[in-house]
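First the structure, in the form of structure tokens, and then the observations on it.
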Amino acid sequence: MTETTVRKQYNQLAAVYDLRWRNYIVNTLSFLKTWVEISPTDTVLDIACGTGEFERLLLAEYSSQQIVGIDISEEMLAIAKLKCSSYPQVSFQMASASRLPFDSNSFDVIVSANSFHYFDEPLAALKEMRRVLKPDGKVVILDWCKDYLICKIFDLVLKIFDPAHKQCYTQNEFHRFLQDENFVVCRATKIRFGVVWGLMISCSTSNLHKM
Ligand SMILES: C[S@@+](CC[C@H](N)C(=O)[O-])C[C@H]1O[C@@H](n2cnc3c(N)ncnc32)[C@H](O)[C@@H]1O
């Protein structure tokens, strides 16, 4: 149900998304790119890739990076495809985070930025990430963090006024999800961007391959 509403909202927003959220996107995705430490030979999956801004940033550094982006909004994906059209090794597909259309053990690095709070089925999404991650791969998720008072307020307000909004999490809640889905959190931090935005980021590896 929420997925349909989110898709509709982002299909309507797609044309103005990059402009409206320019500062936020540049700040958060540049931070993510530095933090995640992707090597040029890594195959990367970007879950809820939106308009492909993270892909643009990665390709500016390594033009031959192998990247696949998925999103539920065809209009966001259309912009991403246009931006990356001169990179044949970069592809985009319409898919839900809960049902990834990829074989198991396919990706070295999985990233997801500014989207986890939209996911209808966060545990199913993490399970799918673990399935498609290579045994020595890593999952890096950046999202709003309810440990910040302002995010707590946003969460309450959005739950009332924005039908697309699902749920923000505290860092503890988020790490519990990861542990429940057999991930080990190897690195994590919280970070503020300006006065308003408080986010959390974590890097996790699969626990199952180590058993
Ligand atoms: C705030 S945008 C973030 C886009 C991009 N990651 C960025 O940081 O600019 C949220 C994106 O999540 C996508 N999304 C929400 N729920 C999703 C789901 N369950 N599966 C895949 N994509 C989803 C939306 O369509 C939208 O493009």
Side-chain angles (χ1 to χ4, degrees), residues 1-36 38 44-60 67-84 90-102 107 109-129 131-132 139-145 151 154-155 158-159 162-169 177 181 191 193 196-202:
M1 169 62 193
T2 321
E3 266 190 25
T4 315
T5 316
V6 175
R7 176 180 302 118
K8 209 167 147 197
Q9 188 174 92
Y10 275 94
N11 277 343
Q12 282 166 358
L13 190 65
V16 294
Y17 178 82
D18 283 352
L19 197 61
R20 185 177 293 176
W21 290 100
R22 194 158 68 104
N23 287 343
Y24 177 85
I25 298 168
V26 168
N27 286 334
T28 58
L29 297 185
S30 306
F31 168 75
L32 171 65
K33 181 178 163 291
T34 309
W35 204 85
V36 71
I38 292 174
V44 180
L45 171 64
D46 182 2
I47 295 184
C49 61
T51 58
E53 271 302 291
F54 188 66
E55 286 61 40
R56 204 179 55 75
L57 277 179
L58 276 185
L59 292 164
I67 319 172
V68 181
I70 67 111
D71 201 285
I72 50 170
S73 159
E74 60 268 41
E75 298 298 331
M76 295 290 271
L77 285 169
I79 293 170
K81 281 179 189 166
L82 205 62
K83 270 183 202 168
C84 301
V90 179
S91 63
F92 295 96
Q93 290 188 42
M94 189 161 132
S96 162
S98 315
R99 285 167 297 280
L100 297 175
F102 308 111
F107 297 96
V109 179
I110 299 177
V111 295
S112 185
N114 302 312
S115 306
F116 196 79
H117 60 277
Y118 282 115
F119 294 170
D120 257 352
E121 304 170 289
L123 289 175
L126 291 176
K127 200 187 280 301
E128 277 293 84
M129 290 184 209
R131 182 183 66 76
V132 303
V139 169
V140 177
I141 298 173
L142 172 72
D143 199 28
W144 295 355
C145 178
C151 180
F154 269 4
D155 189 47
L158 290 173
K159 272 181 180 155
D162 180 359
H165 182 71
K166 166 85 179 160
Q167 165 87 58
C168 292
Y169 304 100
F177 280 154
E181 285 308 324
I191 179 162
F193 295 98
V196 178
W197 303 108
L199 281 84
M200 57 189 166
I201 187 166
S202 74

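Side-chain atoms are counted along with the backbone in the values below, which use heavy atoms only and exclude waters and symmetry mates. Note that ligands are numbered from 1 as they come in the structure, with each ligand's atoms numbered from 1 the same way.
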How about Asp71 and Tyr10: does a side-chain donor come under 3.5 Å of a side-chain acceptor?
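On atom types as modelled, these side chains do not qualify, holding no pair under 3.5 Å.
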Listed partners of [X] passing salt bridge (charged side-chain N to carboxylate O under 4.0 Å, His left out), at least two apart:
X: Asp18; answer: Lys83
X: Arg22; answer: none
X: Glu181; answer: Lys127, Arg130

So which of Leu199, Val26, Asn23 actually passes side-chain contact (heavy atoms from CB on, under 4.5 Å) with Phe193?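 That would be Leu199.
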*Might you list the protein residues in contact with ligand 1, defined as having a heavy atom under 4.0 Å from one of its atoms, sorted by chain and number?*
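Ligand 1 is contacted, at a heavy-atom distance under 4.0 Å, by Glu3, Val6, Tyr10, Tyr17, Leu29, Ala48, Cys49, Gly50, Asp71, Ile72, Ser73, Met76, Ala95, Ser96, Ala97, Ala113, Asn114, Ser115, Tyr118, Phe119.
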Has the side chain of Arg131 got a donor or acceptor atom that lies under 3.5 Å from a matching backbone atom of Leu100?
->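 Answer holds: yes.
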